[in-house]
Every structure is written in structure tokens, then in C-alpha cells.
Amino acid sequence: MAAATSPRFEGGQWVISRYADACTVLSDDRFAVPEAPPGETGIETGLGWLRGAVSRFANGRRHAEGRRAAVAALTPLDPVRLREAARRRAGTALRDGAPLDAVARRIPVAVLADTLCGDSESDPDEVADLVGVIADAYFPGTGPDGPADAALDRLCSLLSLRSRGLGAPSGDVFPRLSESLVPRSPLVPQSRHRRAPRGVARLSVQTPPRSSPVSGWRWLPPGRSEGESLATTVMLLVQACDSTAGLIRNAARRLTGRPAPAAIDELLEETLRLDPPLKVMRRVAKERVTLDDVVVEAGTAVVIDVPAASRDGAVSSTRSPGVAHLTFGHGFRPCPGDRIARSLAAGVLEAVADSRRTAGTGERACAAFREMHHGPAPLVLPNAWDYASAAALARAGFAAVGTTSLGVAAVAGKPDGEGATRDETVALARRLARVPCLVSVDIEGGFGGTPGQVADLAAELAGFGVVGVNLEDGRPDGRLAPMAAVQETVAAIKERVPGMFVNARTDTFWLATTSTGDEVGTAEDRLQPGERIAGEESRFRPEDQVVGKEPSGAEMLDEALRRCRAYAEAGADGVFVPGVAETEHIRALVGGAGAPLNVLFLSARHTVAGLAELGVRRISCGSLLYRAALGAAVTTALAVAKGGPVAADLPGYAEVQALLKG
């Protein structure tokens, strides 16, 4: 990666994107953290009081004192227990159908609240709701202070302990917020709160706080140790909200399969470097400073682009973990909650991985597979041909696998694409129910069944836990099935199994034809043996491939677009166009197919990164893995027979046994 650019002046402030410059700014005392302005109700009350009492918005002695308080509160905590608690709570929430965003924002706060404030007999779920409201306005300028002040009053009353020497405030000072002020969280059972009024967003307060001549916070001025202790606790909970949630969400996008705990730790480290939850750090020059031949005048703001600086090619890859990125203020203004945030995030991610593994056969499993086609990166779908190959791919970290009709047919000793492997396909799907990943099955053209019979097949597969099917319009004679017939079959499947992901495949490029099976045609239009191989990885041999008057690329593209749109209108969740290789064709299909585009990976023409840039949402390996395994088997046998070298990194006997035992 090329080195980042030098400091640049934009919008009245200097922007830093180079790692060395960022380190200089963070380590130079002449650059100070911008201190928070007073809150809407003054510096002694509400958020104004909280911001003035914590370390984040302070410098010098006040920062040091606030940091010491945070360290004292966090040091006794056991990261291992926090991780396990987060995993348990998140697992329960996910099984109850809570969305990931809500789990990521709420579970870390609830776990930390239960640990820090367990003797207060406060409800961690209610604490998490209140903290979410406060977090929305914690950073100056991000939200109105008034609603957050009301939540802060209520939170203070929950956390006040006689056992800690904090006299419990009266109900006049800390009135309980009406339940309409804090809408029911999606993670809390319905019986805990009344449903929020229509139009009220979750985790935010819409009604202004009670008007009172007595502020809820005046009884704890920031100069007293009780107030500092309470402010530290609230600050830790608030900062565990959005920052930890952002780390979880960003890492979850990279999460595949069921990784080991050490792999999740590595995933978090990589996420902190490449996609941190905190995108910028702000400093203000206290005096005139020369930075890399640039003069920063006193009072000028300096903004550090954290992801850009962490990705700076000048950062040595040999630096120890945790040093080559700037998140958590490594080495300069270190965050005392570093290990706690990582532990909470790791626990939630373990629960997410578990939920994906045990998603089962219902709507959640199908929804999870559908979401994989709408993520930040395309779904790379490897294709298995037996139980062991699918289990090995799942263990390698693939969250979903497909089947390859060629592999299934070849194992059975039958030709592919002739509708002769229905029984073998169903038997394999039944076996794959034990594999810890989502499974999509290639059903060719429906094995010659009517639309109703194909829908029944899809329902049978769904009973084994299959979340998707691949339905093609190519026929054994090298022509295409009537478009209306395919539409009818797609619609029948979606009516019978609404949640199943139907990937409708058109073989216009694969067979290099626009000819439809219900057309009479002339002799010149009929396919003749040996004239052309359709596509780099065609399933037809030269002597079997039939092409007469070959259509142009533009004609095949037009036909593919027409069919893709028709299949999408019939209910297909995705469209598959194998054999397409040209960039302009793929780009046109992405823009005009009407559904997420799936292409077959052609090793000589494609890269995953290139297809991702074009907008492809799913990349299938097809028969590639089976053919690679077949070739490797022959190569190894010849090496043994001729005394040549045998690959040393092959799976061991015990490893394969472990796969088969699940």
C-alpha cells in the first residue's frame, strides 16, 4: 500500500492520514483534546456535569485523575468471565430473534452494568436502555441534552447505593421516567415495558425531562469522591455502548464459519486496524506548531483519519499486535477499557458465530443466507460433492456451501445435466444436515418435474435444513427451456417454501445460445457436435458441445438480461449467469438483472476483488473444487508410482475422521 498523503488543510482544519504524523500529534503535549462545552443546563448538571467529570474530554491533571479512576474501576474485572457472560447473554438474545445491531449495542452495556453495579440491585436491561439514550448525546453536538439528562437522572437513582456511602436520593429528585420515555428494547420481553407509542424510536427519549427547580445532579458536585465514582461508572457504561457496538458490527461483517477463540481475537485486531469504530481523533494546537513542514497555528483543529493512518503502507507489518493501529490510543493516550471492550466484543461474536452454526431450518437460517447476498463483500460459495468435502469447507471457515451437480453425478457414475441424479441429490442434502454451515443445493433444471413437483422437492430439501436451491434453464440438448416455464417453476417454489433462496440460472453464456427448446428452428439453427466449447469451464466435451449459428455477445447479453429480469419478477432471490467473462457484460447484468448477480468463477478471467468492484454479489466455484481434487488424486497416484514427491500438507487420517464424526 502506498504511503498516505501529507497533512492537508480542509474546512478550516488540518487532516492527518499518515501514520507517522498521527503519532507525532498524539504524543505531542502541544496538541490537546478539545474540551466539551457546558451542557444545555450548565456545567453542574446533566451531561454538562458528566462531560466535565470524565477523562475523555479533559487534559492534564483532570485527564490523569479521570483515567486513574477508570483504571481502578476496571482492573478488578475478569475479561474471561466478561467474555463468557457476553456470549451467554448474546446467545439468548439472538435465539429470541433480536437483530445484531441491537445485540451489539445493548449486550456489552448490560454485562458491564451487571459486573460494575451488581450490588445496586439495578436491572441491567433497564440500565442498558438508559445508557443508550445517554450515548446518543454524550459527544457534544450529536443529540439534544435534555432527553439524555432525564435518562441520566434515572440512571443515577438506579446506581446509588447506601452500601457505597451514596445516600439514596428522594423520589422528588429522581422521578422514575415514564415508560413512554424509554421505549421497549427489542432484547427485553414484552412484559417488562409497555410498547412505545407509534413513531417513537427505540433506545431514544422523545419527551423532554420533567421541569424541576432541583437538579438531579446538584446533590453530587463533581468535587466529591462519590460524584467522581458515579461519573466514572456512567462514563464506562456509556463508552461501552456505541464504540463496542461499532467494533462488533464491523467485525461481524468479516466473520465466517465458527472460528476458534484465538481466531476471533485476531479478527478483532484486524478490524481495529482496518475498520475501527472510531474513525477520527481530534486535537487542537495550544500553540504554533510545525508539523512535517506545515505550520499549524494556535487554536487550529487537527483531525486524524484513523483508518487511513492505520493502513498507511509505511507502517511496518513486523510491529507487534496492538501497536500498528491507533485505536484505543495505543502508546499515546491509551484507553483503560481496551481489554474489557475486546472481551465483551469477542463474547458477542462467539454467540453470533454459534447462532449462524445452529440457525437450523427455519426462517432465520434462510434470512441469514439471504443477507449474505447483500453484505459489503460478495458471497464466495464453494461447492461440495459429498459430506467430507462440505464438512472440510465448513471447518475452513465458510459459512455457506453449495453442491456441484457435476460432482454429485460423477460420484454416482452418471453424466451431469441430464436430470438423472435426483435421488443422489436428495440423499446428499440429507447427509449435509449435520454440517455446521448453511447449504444451498443444485437441482439442475428440476430433474424433469412439473413446477409443482419441483416445489415439492424444494420443500423436501428445506426439511433437511437446505436454505437455497439453484435452478437452471439449460437443457441437455444445448438449448434453453421456455422462459415462461422457468418462471412458473420459480413461482411454485416460492409459494411452497417462501423463505428458500431461489437462485435462477440462465445458460445463455454457458451454452452460447439464445435458442429456446420450444422453437422449431432450421437445420442451421440446430447444434452440431464439435463446433465450439461454450465458456472456459464448460461441462460439455468438444465432441458433445453443439452450437450452430453462434449468437454474438450482445445477443447473448440481451437474452440473459431478458431472462434474469423475468425470473426476478417471478420471485427469484438471485440470478446466476455462468460463463459470462467480459467486464462490460457483467457490469450490464449487475445493473439490469433485477436481483443479486451470481457468476461462476473463471480462474483465467476473474478475481474476487475485480468481481466485487463490478457489483457481483455471489461467486460460485461450480465444479472447480471437484475437478481440482480429481486432478490432485491422479497427480499423487502418479507420484507414488514413479517415486516423485508427494504433497506434505494433505489432511491426515485422524483429521478426516474428525470431520466425519462432526
Side-chain angles (χ1 to χ4, degrees), residues 33-36 39 46-59 62-77 79 82 86 101 103-117 124 127-143 145 148 151-152 155-156 158-159 203 222 227-251 268 271-272 276-282 306 326-330 332-348:
V33 174
E35 298 196 8
L47 283 189
W49 174 86
L50 180 63
R51 294 171 185 144
V54 302
S55 59
R56 174 179 283 277
F57 304 112
N59 296 287
R62 283 205 304 121
H63 170 71
E65 291 175 352
R67 175 181 165 76
R68 280 196 296 270
V71 170
L74 295 174
T75 297
L77 305 187
L82 288 175
D101 282 352
V103 171
R105 194 168 196 244
R106 199 161 184 277
I107 292 300
V109 177
V111 171
L112 191 57
D114 196 33
T115 304
L116 289 174
C117 318
V127 168
D129 281 335
L130 294 167
V131 166
V133 176
I134 299 167
D136 287 337
Y138 179 60
F139 288 95
T142 56
D145 285 2
L152 202 50
L155 184 61
C156 177
L158 290 176
L159 304 185
L203 294 181
E228 292 173 352
S229 176
L230 192 54
T232 297
T233 301
V234 174
M235 177 269 292
L236 293 174
L237 295 175
V238 170
Q239 294 191 176
C241 187
D242 286 337
S243 59
T244 309
L247 175 58
I248 293 169
R249 284 192 294 263
N250 295 351
L268 286 171
T271 301
L272 289 169
L278 183 67
K279 304 299 184 186
V280 298
M281 295 184 188
R282 301 183 185 277
V306 177
L326 301 173
T327 308
F328 292 125
H330 284 306
F332 305 103
R333 194 178 167 107
C335 173
D338 183 338
R339 67 191 182 104
I340 302 303
R342 291 170 186 265
S343 299
L344 294 168
V348 173

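Every value quoted in this text rests on a predicted model; they were computed, and no experiment measured them.
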Heavy-atom closest contact (Leu247 atom, Ala345 atom, distance):
CD2-CB, 3.9 Å
Which heavy-atom pair separates Ala151 from Ile134 by the least distance, and what is that distance?
CB-CG1, 4.0 Å
Sequence neighbours left out, what passes side-chain contact (heavy atoms from CB on, under 4.5 Å) with Pro124? Give chain and number order.
Arg89, Ala110, Asp114
Shortest non-hydrogen contact from Ala113 toward Val127
CB-CG1, 3.7 Å
Check Cys241 against Gly132 and note the closest heavy-atom contact, atom names and distance.
SG-CA, 4.2 Å
Quick check: do Leu344 and Pro79 have side-chain heavy atoms less than 4.5 Å from each other?
no
Heavy-atom nearest pair, Ala73 first then Thr232, reads CB-CG2, 4.4 Å
From Asp101 atom CG to Arg249 atom CZ, the distance as rounded to the nearest 0.5 Å
5.0 Å
Nearest 0.5 angstrom please: Leu112 CG to Leu74 CG, how far?
7.0 Å
To the closest 0.5 Å, what do you measure between CZ (Phe139) and CG (Asp242)?
8.0 Å
With a 4.5 Å cut-off on side-chain heavy atoms, are Leu158 and Leu130 touching?
yes
On a heavy-atom basis, which atom in Ala135 and which in Val238 lie closest, and how many Å separate them?
CA-CG1, 3.9 Å
For residues Arg106 and Asp129, determine if any side-chain heavy atom of one lies less than 4.5 Å from a side-chain heavy atom of the other.
yes
With Leu236, the side chain to side chain contact (heavy atoms under 4.5 Å, CB included) member among Leu77, Val131, Ile340, Leu116:
Leu116
Euclidean distance, Ile107 CD1 relative to Ile248 CD1, rounded to 0.5 Å:
9.0 Å
NZ/NE/NH1/NH2 to OD/OE distance under 4.0 Å, Arg342 and Asp338:
yes
Starting at OG of Ser243, measure out to CZ of Arg105 and round the result to the nearest 0.5 Å.
10.5 Å
Results of side-chain contact (heavy atoms from CB on, under 4.5 Å) for Asn250 - residues two or more places apart only:
Arg253, Thr271, Asp275, Lys279
